Each structure stands twice: as structure tokens, then as C-alpha cells.
Asks: 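Just passing along the structure, written as C-alpha cells.
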Number of protein chains: 2
Amino acid sequence: MNLHVRRATIADVASAAGVSKATVSRFLNHREKLLSPDIAARVEAAVAQLGYSPSPMAQALSRGRSRLIGLIVADITNPYSVAVLRGAEKACQDAGYLVMLFNLGNEPGREQEAIQALAGYQVDGFILNTLGRGSGVVDAMATQGKPAVLVDRRHVGMHADFVSLDNRAAVQQACEHLLDGGWRELLFVSEPLKGVSTRRERAAAFSACMEAHAKAARGEVFESEEGDDEGLQAALQALHRRAQRRKGVRAAVLAGNAVVTLRVARAVASLGWQFGQELGFVGFDDPEWASLIGPGLSTIAQPTDEIGRTAARCLIERLHGLEGPPRQSLLPGELKVRGSSAAGA
Amino acid sequence: MNLHVRRATIADVASAAGVSKATVSRFLNHREKLLSPDIAARVEAAVAQLGYSPSPMAQALSRGRSRLIGLIVADITNPYSVAVLRGAEKACQDAGYLVMLFNLGNEPGREQEAIQALAGYQVDGFILNTLGRGSGVVDAMATQGKPAVLVDRRHVGMHADFVSLDNRAAVQQACEHLLDGGWRELLFVSEPLKGVSTRRERAAAFSACMEAHAKAARGEVFESEEGDDEGLQAALQALHRRAQRRKGVRAAVLAGNAVVTLRVARAVASLGWQFGQELGFVGFDDPEWASLIGPGLSTIAQPTDEIGRTAARCLIERLHGLEGPPRQSLLPGELKVRGSSAAGA
DNA sequence: TTGTATGCGTTATCAT
DNA sequence: ATGATAACGCATACAA
């Protein structure tokens with residue numbers, strides 16, 4: 001059985017139908033205009049019979065557009081990124097685009113490399129969920145001159161559409177839920193803020209919220225370094241002590257993302273505490289295991305799928321020629337109440 | 001600031017260096033042979049000055065090879081798939097290949113579509129982690145005539161390299177660990193076996209292992225349907241009763257993958273049981289949250305990264321011209337012992 | 001050793 | 001309405 005059955009080309013179709021390549025191409029691309037019925041029928045038959053489909057590569061070369069979208073993701077290991085990626089990829093496919101994936105593996109220096117590589121394949125645009133430190137990307141983007149949409153993390157000075165969770169509203173909702181439940185001594189635990197916009201926004205919103213409720217509640221921010229389990233435990237104990245000094249006040253943590261949630265859960269286990277008892281808890285992101293830890297961990301679920309689809313749609317609109325200033329889509333989160341934030345007496 | 005700064009082409013370099021396109025091309029591809037020092041220097045300078053890099057698309061069209069690898073994954077939501085994908089993508093990048101991702105979203109019918117789409121972009125080969133039901137893929141592969149490597153799931157009759165966990169050895173290790181700990185009434189809980197090779201292999205290995213220890217232990221297999229929580233709970237209760245009928249014997253579950261682990265954990269919570277007490281447990285896959293459920297869930301960790309890298313390397317070897325019959329790489333799992341399988345009295 | 005010409009599979013601009 | 005023909009950016013067989 002001959003393996004290398006060369007894919008049929010437009011030339012094959014042309015000769016099979018007894019017409020010129022140009023005619024075949026017209027039949028394929030501008031079917032409605034300029035068509036003589038019998039010729040159209042002959043071409044159609046030839047196409048069907050040879051199972052012909054045009055080569056996207058050749059089309060890309062000729063048209064300058066590839067129907068390819070470059071998706072650069074900071075860390076494919078991060079379930080959040082994957083969830084977004086999933087939504088984006090689906091939307092792209094539905095719109096007839098294919099996704100080329102480039103995983104940075106958390107190495108910031110590779111942003112340039114990624115953009116170069118993807119641009120080489122003539123991707124029509126980019127969906128970027130990158131680290132966002134430094135703005136090297138800005139110039140590269142401008143250089144390549146292709147539209148891009150940023151997901152979850154802003155890039156300073158970058159002139160592009162942006163889609164993300166509405167962090168401010170989500171933080172506010174979480175805080176008020178905790179306060180309503182009688183948790184009055186709060187700690188926002190985040191990965192190191194550095195330049196990461198999402199983390200900063202959440203931390204800032206937390207602080208603002210605490211100030212607004214300064215009479216009833218107190219709150220601090222703790223940056224948890226990877227591997228520094230002792231530091232986190234110490235911070236939780238300090239939190240607990242602060243709460244005890246104020247009679248009848250209970251302490252709770254707001255975790256900045258699922259990675260932090262995991263760390264906090266480990267620390268709580270080490271300390272022998274129970275969620276919902278010694279420590280209240282709400283965390284960003286809603287991993288499938290949240291309901292299985294202790295009495296269930298309350299979370300703020302992100303509409304990851306919707307974020308991905310929105311990003312893809314934004315980009316595709318640009319590809320279709322939409323002009324105008326950068327747009328911003330902030331999607332609402334959903335608070336999932338579980339045992340870890342149960343209201344106290 | 002002019003945006004559409006057309007990428008420099010080989011023609012630009014040629015005229016800048018005052019030579020022909022062919023010379024530039026030769027300088028790029030066959031640097032060692034056929035080189036006159038001064039010309040080489042001029043070309044090199046021109047390349048550097050214009051920041052020229054060849055268009056992979058045009059190269060692909062001309063060469064018939066694209067340095068692209070198509071990665072088809074059954075379900076991007078599955079952390080196992082992602083972990084493998086990560087290893088594979090890294091290995092590909094290291095070897096100078098880019099990955100085009102196609103997510104099936106668990107829709108079996110899209111395998112063909114995926115292969116067609118990817119083949120259109122002239123991918124040099126495929127890494128397949130697909131559903132594996134039916135063998136429609138076989139013909140398509142043969143048709144496209146490109147090498148492929150299967151990950152985790154075999155395709156019946158498919159003539160291709162295969163890499164996966166050594167399921168038989170892993171099951172055996174898990175069973176013996178449980179038996180050593182005094183867990184003598186076992187239940188293997190799997191997603192519906194259907195035609196999925198991994199599930200069948202694990203179930204078969206479990207049954208074989210139980211027969212081998214028939215004097216001391218008993219085991220059954222349960223297929224857990226998505227959403228059928230009652231069925232699973234009933235199966236666990238039946239298991240428990242069987243154990244009680246044999247004085248002093250304790251019951252344990254071996255879960256076929258992380259999805260099942262989650263279901264079992266939910267059921268155990270519903271029943272008010274404690275892992276390590278009323279029910280022993282070992283599960284395939286080692287999610288990050290395994291240590292946080294109850295006393296910690298014992299697991300069999302797969303070398304996902306290594307599986308991915310191996311798959312990529314296999315494929316790339318084929319791309320480099322390696323001939324010969326399909327190869328098979330079975331990588332060892334690692335048993336992580338935690339509280340859920342603690343030895344009894 | 002270097003340049004010319006052709007092909008890769010399409011699209012698009014001309015004539016016809 | 002249809003057919004040559006020239007791009008698109010690159011590689012290469014062949015000629016010089």
C-alpha cells in the first residue's frame with residue numbers, strides 16, 4: 001500500500017477538471033461570482049474525487065495570512081492557564097483558526113524567543129498569558145505589527161486588548177462574605193507581588209476593602225515565597241494571636257490563587273488546625289479538590305472558559321479589521337461558599 | 001513609528017550583500033562547504049544588519065518539511081495529559097521543533113479532523129494521546145504517511161511507537177503494598193473500561209494479581225460511571241460488608257486514575273468514613289492535593305515528564321530517518337505511601 | 001565558487 | 001467567464 005500518496009494539489013484538480021488553476025482557485029474562494037454552471041460542476045466533481053483540500057501553508061505564503069493564532073502561556077502546569085487555554089482554543093477552532101502553543105515554562109527570557117518563533121510561522125495574532133515582568137514584549141509586538149490580546153496579566157505600556165477576572169469586585173465580595181461570617185482579623189496571602197499585575201490588583205483591592213471596614217475589621221498582606229513553609233506558618237500563628245487579642249474575633253485567610261491555597265492547606269495541616277474553626281478561609285480559583293479539604297474550602301471560581309473565549313473573540317475581531325483603542329473585559333467571579341468560611345456565633 | 005516593518009527576506013539580504021539569493025541560501029544551509037571568505041563575510045554582515053531570519057513557512061513549502069510537530073490530546077483538561085504535553089513540548093523545543101496543539105475535547109469524532117488540519121500545515125509527525133476507540137486513525141495516518149508516536153493509549157492495529165507507564169508492574173506494586181499492609185479485600189475502581197487500553201490493562205493486571213494471591217486476598221473490579229455517585233457508594237459499602245464477613249480483614253480501594261480518586265474521595269466523605277480506617281486506598285496518578293485529603297492518599301506517581309520527553313524523542317528519531325519495527329517504552333511508576341494505606345494491626 | 005532558473009501550492013493581476 | 005502569469009520566500013539542480 002503506497003504510503004506517500006502525495007496530497008492532491010490545485011494543479012491536479014485543474015487538469016482533472018480540464019480547466020486552469022486560476023479557475024479552481026476562483027471556485028474555491030469566490031464561488032458566488034464569476035461562475036459558469038458546467039465548469040463549476042466539473043471542478044466540484046474533481047475536488048470531491050481527488051479529496052482535494054488546499055494547503056494552508058501555501059495559502060499563508062500567498063495571502064500573508066495563515067489562520068494561525070499564537071498562544072503563549074507562562075506555565076502550562078498552571079491549571080488556570082490551561083483552563084483559559086482550553087476556552088481560547090475552542091473559540092479559535094470554531095472560528096477556523098488553529099492554535100500554535102508556546103510554553104514559557106516560567107522562564108521570562110523566552111518571551112522574545114516565543115514571539116519570534118511564532119511570528120516566523122506567520123501567526124495572524126497572539127494570545128498572551130505571560131509573566132508580564134519587564135516590557136520587552138512591547139517592542140517585539142510593535143515590530144511584528146500583529147494584534148495581540150493579553151490574558152490575566154497586563155503589560156505596562158502595552159497597547160493591546162486585555163481580558164481578565166474582575167479582581168477588585170471579586171476581592172470585595174470575598175472580604176464582605178468573610179466579614180459577614182464574623183471573621184474580622186484577615187490575612188491576604190499571595191505569591192510574591194513583584195511586578196505581576198494580578199497579584200498587585202488583588203492585594204490593593206484587599207487593602208482598600210479593609211480600610212473601608214476599618215472599624216470592624218483588620219487586615220494584612222503576606223507574600224508567601226515558594227518553599228518557605230516556616231514563614232507561612234509563622235504568619236498564620238501571628239494572625240491567630242492578633243485575633244485572640246481582640247476578644248471573640250476570628251481569623252481568616254484570603255488566598256491569592258490555587259498555589260497559595262495549597263500552601264495554606266499544608267500549613268494548616270502542619271499546625272493541626274481545622275478550616276472553619278481555628279482559621280476561616282476563602283481562596284481564589286476553584287480547583288476540583290477544594291470541596292474535599294477539611295469541611296470544604298470556600299473559593300472564588302473564575303470563569304476561565306469564558307475568559308479564554310473572550311480573549312479569542314477579541315483577537316479575531318481585530319483580525320477581521322476592527323480598529324479602535326485597546327478594550328478591556330473584566331469578567332465576574334463566582335463565590336462558592338463551603339465550610340471553611342462558615343459563619344460564626 | 002511604522003508598524004508593518006516587512007520582515008527582511010532572503011532577497012533583501014542578497015541585494016544588501018551584493019550577491020544572489022542562492023548564495024545567501026547556501027551560506028545559511030551549507031555553511032561549511034563552498035565558501036569564499038569575503039563573500040561569506042559580506043552575507044553574514046548583511047544578515048546581521050537586517051536582522052534576517054528565514055521564514056519557516058516558506059522553508060516548509062520548499063523543503064516539504066516544516067519542523068512542526070502535531071500534538072493531539074484527548075482532553076486538555078486532564079492534568080495527566082497536560083503533564084505529558086509539557087514534557088513533550090519541552091523536548092520538541094529543545095530539538096528545534098515547534099508544537100501545534102489540537103485538543104479533542106473528548107469528542108472522538110474529531111480525530112480525523114485534527115489529523116487533517118495538522119497535516120495541512122505539513123507537520124512532520126504526530127504525538128497522539130487520543131481516545132483510542134475505533135481505529136479510524138490508522139488509515140488516516142497511513143494516508144498521510146507521517147510518523148507518529150502513541151502516548152498512554154494504544155490503537156489497535158496501529159503500527160507506531162508507543163510510550164506509557166508500565167501499568168502491569170505498577171498495579172502489582174500497589175497490590176502487594178496493600179496486601180502487605182493487611183488490606184485483604186480489594187476493589188479496583190476504574191472509569192468504564194470500554195476500549196481504552198490503559199484501563200483494560202490495569203484492570204487485567206489487578207485481576208491477575210488477585211488470582212496470584214487468591215489464598216490471602218480477594219478482589220473485584222468496579223466500573224464507575226460519571227455522575228453515578230450512588231452506584232459507587234453502594235459498591236464501597238458492599239466491599240465493606242464483604243470484608244466484615246471475613247473476620248479481621250480490612251477493605252481497600254485501588255483507583256484507576258485521578259478522576260476516579262476524586263470520585264472515591266467524595267463517596268468516602270459522604271459515607272462519613274476515614275481513609276486509612278474504614279477504607280484503605282491507593283490511586284493512580286499523584287495530584288498535588290493527594291497529601292491533603294484525610295491522612296494523605298497513597299498514590300502511584302507516573303513519570304509524566306519523562307513520558308512526554310520519551311515520546312518526543314522517539315518521534316524525532318523517526319523524523320531523523322530511524323527505520324525499524326514499532327518500539328515500546330514502558331516507564332516505571334513510583335509508589336508514594338501515605339496515611340491512606342497505613343499498615344493495620 | 002557563484003549565479004540562473006525552476007519548483008513548492010496558492011492567490012491575484014492581468015489579458016483574452 | 002476563463003486562462004496565462006507573476007508573485008509569496010525559500011531551496012536546489014544546473015549552468016557558468
Side-chain angles (χ1 to χ4, degrees), chain A residues 4-44 46-47 50-68 116 119-124 144, chain B residues 4-44 46-47 50-68 116 119-124 144:
Chain A
H4 280 270
V5 277
R6 195 175 56 80
R7 279 171 63 102
T9 77
I10 200 172
D12 299 328
V13 177
S15 73
V19 298
S20 76
K21 296 193 300 179
T23 300
V24 178
S25 179
R26 266 191 298 260
F27 172 79
L28 263 25
N29 302 303
H30 314 282
R31 186 161 323 200
E32 53 289 353
K33 354 190 65 172
L34 317 176
L35 266 196
S36 108
D38 60 329
I39 294 257
R42 277 175 22 217
V43 174
E44 182 156 28
V47 166
L50 276 67
Y52 167 79
S53 72
S55 153
M57 283 243 157
Q59 287 182 317
L61 193 61
S62 181
R63 291 177 160 147
R65 292 172 298 113
S66 62
R67 297 200 78 75
L68 238 33
Q116 296 286 354
Y121 282 96
Q122 303 279 34
V123 297
D124 293 339
Q144 308 291 162
Chain B
H4 280 271
V5 277
R6 195 175 56 79
R7 279 170 62 101
T9 76
I10 200 174
D12 299 328
V13 176
S15 72
V19 298
S20 76
K21 298 193 296 178
T23 301
V24 176
S25 178
R26 269 190 296 261
F27 172 77
L28 264 24
N29 301 303
H30 314 283
R31 187 160 321 200
E32 53 289 355
K33 354 190 65 171
L34 319 176
L35 266 195
S36 111
D38 60 329
I39 294 257
R42 278 174 24 215
V43 174
E44 181 155 29
V47 166
L50 276 67
Y52 168 78
S53 71
S55 153
M57 281 241 155
Q59 287 183 316
L61 195 59
S62 180
R63 291 178 161 145
R65 294 172 295 114
S66 63
R67 298 199 78 75
L68 240 32
Q116 297 285 354
Y121 281 96
Q122 303 279 34
V123 297
D124 294 339
Q144 309 290 161

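Since the structure is predicted, the reported quantities are computational estimates derived from the model, not experimental observations. Chain letters run A, B, ... following the sequence lines, proteins first, then strands; residues in each count from 1. FYI, side chains are in, hydrogens and waters are out, and symmetry mates aren't considered; it's all heavy atoms of this structure.
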Asks: Checking all strands, does A:Leu28 fall into the base, sugar-phosphate, or nothing category for heavy-atom contacts under 4.0 angstrom?
Replies: nothing
Asks: Rounding to a whole Å, what distance do you find between A:Leu61:CG and D:dC10:P?
Replies: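 Whole-Å distance recorded here is 9 Å.
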Asks: Using only side-chain N and O atoms of B:His30, determine if any of them is under 4.0 Å from OP1 or OP2 of D:dA11.
Replies: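 Result: no.
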Asks: State whether A:Tyr121 places a side-chain N or O below 4.0 Å from either non-bridging phosphate oxygen (OP1 or OP2) of D:dG9.
Replies: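 Checking A:Tyr121 against D:dG9: no side-chain N or O falls below 4.0 Å of OP1 or OP2.
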Asks: Given that B:Ser20 and A:Asn29 both sit by DNA chain C, which one's nearest nucleotide is further toward the 5' end?
Replies: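 This one resolves to B:Ser20.
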Asks: For A:Ser53 and for B:Thr23, find the nucleotide of DNA chain C with the closest heavy atom, then tell me which residue's nucleotide is more 5'.
Replies: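 It is B:Thr23, whose closest nucleotide lies nearer the 5' terminus.
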Asks: Can you find a pair of side-chain heavy atoms, one from B:Arg63 and one from B:Asn29, that are under 4.5 Å apart?
Replies: yes
Asks: I want to confirm an ordering. Mapping A:Lys21 and B:Ala58 to their closest nucleotides on DNA chain D, which one lands closer to the 5' end?
Replies: A:Lys21
Asks: In Å and rounded to the nearest 0.5 Å, what is the CZ to OG1 distance from B:Arg7 to B:Thr9?
Replies: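 Here the interatomic distance stands at 10.5 Å.
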Asks: Compare all side-chain heavy atoms of A:Arg26 with those of A:Val19 and state whether any distance is below 4.5 angstrom.
Replies: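 The answer is no; the side chains never approach within 4.5 Å.
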Asks: Can you tell me if A:Gln59 touches the phosphate of C:dT11, counting only side-chain N or O atoms and a distance under 4.0 Å to OP1 or OP2?
Replies: yes
Asks: Below the 4.0 Å mark, does C:dT10 have OP1 or OP2 next to a side-chain nitrogen or oxygen of A:Ser55?
Replies: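 So the side-chain polar atoms of A:Ser55 never come under 4.0 Å of the phosphate oxygens OP1 or OP2 of C:dT10.
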Asks: Which nucleotide, C:dT4, D:dT2, D:dA4, lies nearest any side-chain atom of B:Ala22?
Replies: C:dT4
Asks: Determine whether A:Phe27 and A:Arg42 make a side-chain contact, defined as any pair of heavy atoms from C-beta on separated by less than 4.5 Å.
Replies: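 Of all side-chain heavy-atom pairs linking A:Arg42 with A:Phe27, none is under 4.5 Å.
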Asks: What is the minimum heavy-atom distance between B:Ser66 and B:Val123, and which atoms define it?
Replies: OG-CA, 3.6 Å
Asks: Between C:dG9 atom C1' and A:Met57 atom CE, what is the distance in whole Å?
Replies: 12 Å
Asks: For the pair made of CZ in A:Arg26 and P in D:dG3, what is the distance, rounded to whole Å?
Replies: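 So the CZ-P distance, A:Arg26 to D:dG3, works out to 8 Å.
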Asks: Between the base of C:dG7 and the side chain of B:Ser62, is one N or O donor paired with an acceptor at under 3.5 angstrom?
Replies: yes
Asks: Nearest-Å distance, CZ (A:Phe27) to P (C:dT10)?
Replies: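 After rounding, the gap between these two atoms is 15 Å.
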Asks: For A:Arg65 and C:dG9, give me the distance from atom CZ to atom P, rounded to whole Å.
Replies: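 Answer to the nearest Å: 21 Å.
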Asks: So, is A:Thr9 close to the C:dC8 phosphate, meaning a side-chain N or O under 4.0 Å from OP1 or OP2?
Replies: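 For C:dC8, neither OP1 nor OP2 has a side-chain N or O of A:Thr9 closer than 4.0 Å.
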Asks: Expressed in angstrom and rounded to an integer, what is the separation of A:Ile10 atom CD1 from C:dG9 atom P?
Replies: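 Those two atoms, CD1 and P, are 11 Å apart.
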Asks: Rounded to the Å, how far apart are B:Arg67 CZ and D:dA11 P?
Replies: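 Value for this atom pair: 12 Å.
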Asks: In whole Å, what is the span from the CZ atom of B:Arg42 to the C1' atom of C:dG3?
Replies: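 To the nearest whole Å, that distance equals 13 Å.
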Asks: With a 4.0 Å cut-off on heavy atoms, is B:Val24 in touch with a base, just the backbone sugar-phosphate, or nothing at all?
Replies: nothing
